[in-house]
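Counting begins at 1 with the first residue of the sequence.
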Amino acid sequence: MVHISLPEEKNRMLVFYLAMEEYVARYLDEDDDCFFTWQTDPTVIFGRNQLIENEVNQAYCREHAISMFRRKSGGGCVYSDRGNVMMSYVTHDDSVNLTFNRYINMVVLMLWKMGIEAKATGRNDILIDGRKVSGNAFYHIPGRSIVHGTMLFDTNMRHMVGSITPSDEKLLSKGVKSVRQHVALLKDYTDTSTADFRQLCQRELCQRERRLTNADVSRIEELMQEYLSEEFIFGRNPRYTICRRRRLEGVGEVEVRMELKNGIIREADMKGDFFLVGDLGSMLNRLKGQPFERQAVSNALPHRIDDVVVHLEKEALLDAIFGD
């Protein structure tokens, strides 16, 4: 694996590194998998299909100078600061399960080598003593998969709790009474500093280094502009007549919004912290013009919708929309 480094180490906003991942995946001529770590000032990052008003306490973020950005991967909302190490992995493999498993197992093995008994669990988490220390998400571009994740060291827990607004259902499903009781900080398990941990990642996971040029950085900064646009960050909230929300095992939170007229579906949208592997827009466009009836919607949807949303079964989606 190749470690990707920058020509100059300096404090950059989070979206620079999201654009850097995309640049490496789209334009870097590397046959091997690529990896790098990074840190950023306090920022909330919410998933590609999430509504900011459902996930982020925007007033708290503004009050405490916490940036808010959207990423292109699915999954849930996370908080990051300089007490947290972010990790980025770019691979040619386009199999979701293989990509996720390979990356998470690499990180778990590295933690074991540090003497920390970590384990992978759930859709995308790494736990220590049953508490979450790392959450991860992914997305595809043609010919590449990108995985990025957190590694909590000494994160500001007050800001983590204050800036993220999870749904009541999610809180209930996870049984969270105190976030701190369910989150592990690496500082409690090692004397290694964040800087030393980043060096250890490079040594353990990578066989060689590639340093980007100033020209590469300029192109990354051009890509970054999309992440900075208000339309990308805040999105266009669809009009809707009905809204159905449910948390589905192995999938995540799914919120379906539909605009109806005279019992006919005019528009359909789906939000949540699920992971995409296909074209959600094309799948939902098939519902336009259909009667708002279970059988009609079932007939319009493709037979295998887990080819679009990871682990989502058609009957489970229909139950969420129409009730089981």
Side-chain angles (χ1 to χ4, degrees), residues 1-12 14 16-25 28 30-41 43 45 71 73 75 78-93 98-121 124-128 131-139 144-155 183-212 216-217 220:
M1 189 151 63
V2 183
H3 180 259
I4 306 297
S5 62
L6 290 163
E8 180 186 8
E9 284 294 335
K10 65 179 185 180
N11 195 13
R12 304 175 187 269
L14 180 139
F16 174 88
Y17 299 101
L18 297 181
M20 181 173 164
E21 295 173 335
E22 188 173 346
Y23 178 78
V24 169
L28 215 62
E30 281 290 349
D31 294 328
D32 294 329
D33 293 347
C34 298
F35 177 84
F36 61 94
T37 63
W38 42 283
Q39 291 172 277
T40 189
D41 288 336
T43 306
I45 320 103
R71 62 182 188 269
S73 60
V78 298
Y79 167 83
S80 180
D81 58 23
R82 302 203 72 82
N84 176 57
V85 174
M86 302 292 287
M87 298 183 287
S88 297
Y89 172 59
V90 179
T91 178
H92 291 265
D93 201 329
L98 287 177
T99 298
F100 243 147
N101 289 341
R102 180 188 300 116
Y103 168 75
I104 289 177
N105 287 334
M106 285 192 306
V107 176
V108 167
L109 179 60
M110 183 178 64
L111 291 174
W112 274 82
K113 289 181 178 180
M114 295 173 62
I116 300 171
E117 296 183 6
K119 63 171 60 176
T121 187
N124 59 332
D125 296 341
I126 297 174
L127 306 185
I128 301 173
R131 297 186 297 163
K132 181 174 177 177
V133 72
S134 174
N136 302 276
F138 77 95
Y139 71 104
R144 296 288 193 279
S145 294
I146 297 171
V147 180
H148 40 211
T150 61
M151 183 61 69
L152 301 176
F153 253 88
D154 191 14
T155 300
V183 168
L185 296 179
L186 217 57
K187 70 169 186 176
D188 297 329
Y189 298 88
T190 181
D191 294 329
T192 303
S193 67
T194 55
D196 288 342
F197 178 77
R198 293 180 65 183
Q199 288 294 319
L200 184 143
C201 288
Q202 182 176 348
R203 289 196 309 271
E204 292 290 332
L205 301 180
C206 302
Q207 289 72 51
R208 60 185 176 92
E209 181 176 13
R210 175 160 178 178
R211 186 174 295 273
L212 299 181
D216 292 324
V217 171
I220 292 169

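Ile146 CD1 to Ser73 OG: the interatomic distance, rounded to the nearest 0.5 Å, is 9.0 Å. Atom-to-atom distance recorded for Phe36:CZ and Cys201:SG is 12.5 Å, nearest 0.5 angstrom. For the atom pair CZ (Arg210) and CG (Asp216), the distance works out to 7.0 Å, reported to the nearest 0.5 Å. In this structure, CZ on Phe138 lies 13.5 Å from OH on Tyr89, to the nearest 0.5 angstrom. One distance of note links CD of Glu21 with CH2 of Trp38; it measures 6.0 Å at 0.5 Å rounding. How far CD of Gln202 is from CD of Glu209: 5.0 Å, rounded to the nearest 0.5 Å.
At least one donor-acceptor pair closer than 3.5 Å links the side chain of Arg198 to the backbone N or O of Thr37. Checked by atom type and distance alone, the side chain of Arg71 pairs as donor or acceptor with a backbone atom of Ile45 at under 3.5 Å. Using modelled atom types, one side-chain atom of Gln39 and one backbone atom of Arg82 make a donor-acceptor pair closer than 3.5 Å. A donor-acceptor distance shorter than 3.5 angstrom exists from the side chain of His92 to the backbone of Asp31, with no hydrogens or angles considered. Counting only distance, with no hydrogens or angles, the side chain of Thr192 and the backbone of Thr190 share no donor-acceptor pair below 3.5 Å.
Between Leu186 and the options Asp154, Asn84, Thr194, Ile128, a side chain to side chain contact (heavy atoms under 4.5 Å, CB included) holds for only Ile128.
Side-chain contact between Met110 and Leu200: present, with at least one pair of heavy atoms (C-beta onward) separated by less than 4.5 Å. In this structure the side chain of Val108 never reaches within 4.5 angstrom of the side chain of Lys119, judged on heavy atoms. Looking at Ser88 and Met20, their side chains never come closer than 4.5 Å, going by heavy atoms from C-beta outward. Contact check for Phe153 versus Leu185: no side-chain heavy atoms found under the 4.5 Å cut-off. Put simply, the side chain of Leu28 does not reach to within 4.5 Å of the side chain of Val90, judged on heavy atoms.
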Task: Residue pair Ser134, Lys132: steps toward the side chain to side chain contact (heavy atoms under 4.5 Å, CB included) verdict - done: CA-CA 6 Å; Ser134 174; Lys132 181 174 177 177; over 6 Å; no

Task: Chi angles and distances behind the side chain to side chain contact (heavy atoms under 4.5 Å, CB included) call for Tyr79, Thr43 - done: CA-CA 6 Å; Tyr79 167 83; Thr43 306; over 6 Å; no

- [ ] Applying side chain to side chain contact (heavy atoms under 4.5 Å, CB included), run through Tyr139 and His148 and close with a yes or a no.
- [x] CA-CA 9 Å; Tyr139 71 104; His148 40 211; 4.3 Å; yes

TODO: Carefully, step by step, assess Phe16 and Ile220 under the rule side chain to side chain contact (heavy atoms under 4.5 Å, CB included).
DONE: CA-CA 7 Å; Phe16 174 88; Ile220 292 169; 3.5 Å; yes

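Between Met151 and Val107 the shortest heavy-atom distance is CE-CG1, 3.7 Å. The minimum heavy-atom distance linking Leu152 with Val183 is given by the pair CD1-CG1, 3.2 Å. Residues Phe35 and Met87 approach most closely at CE1-CB, 4.0 Å, considering heavy atoms. Shortest non-hydrogen contact noted between Leu111 and Ala118 is CD1-CB, 3.6 Å. Between Arg144 and Ala25, the shortest heavy-atom contact is CG-O, 3.2 Å. Nearest heavy atoms, Ala184 versus Tyr189: CB-CE1, 4.2 Å.
Counted by atom type alone, Asn101 and Tyr103 present zero donor-acceptor pairs between their side chains at under 3.5 Å. With 3.5 Å as the limit, one finds no donor-acceptor pair spanning the side chains of Asn136 and Asp125.
Residue Glu117 places its CD atom among 12 or fewer non-hydrogen atoms of other residues, nucleotides or ligands, all under 6.0 Å distant.
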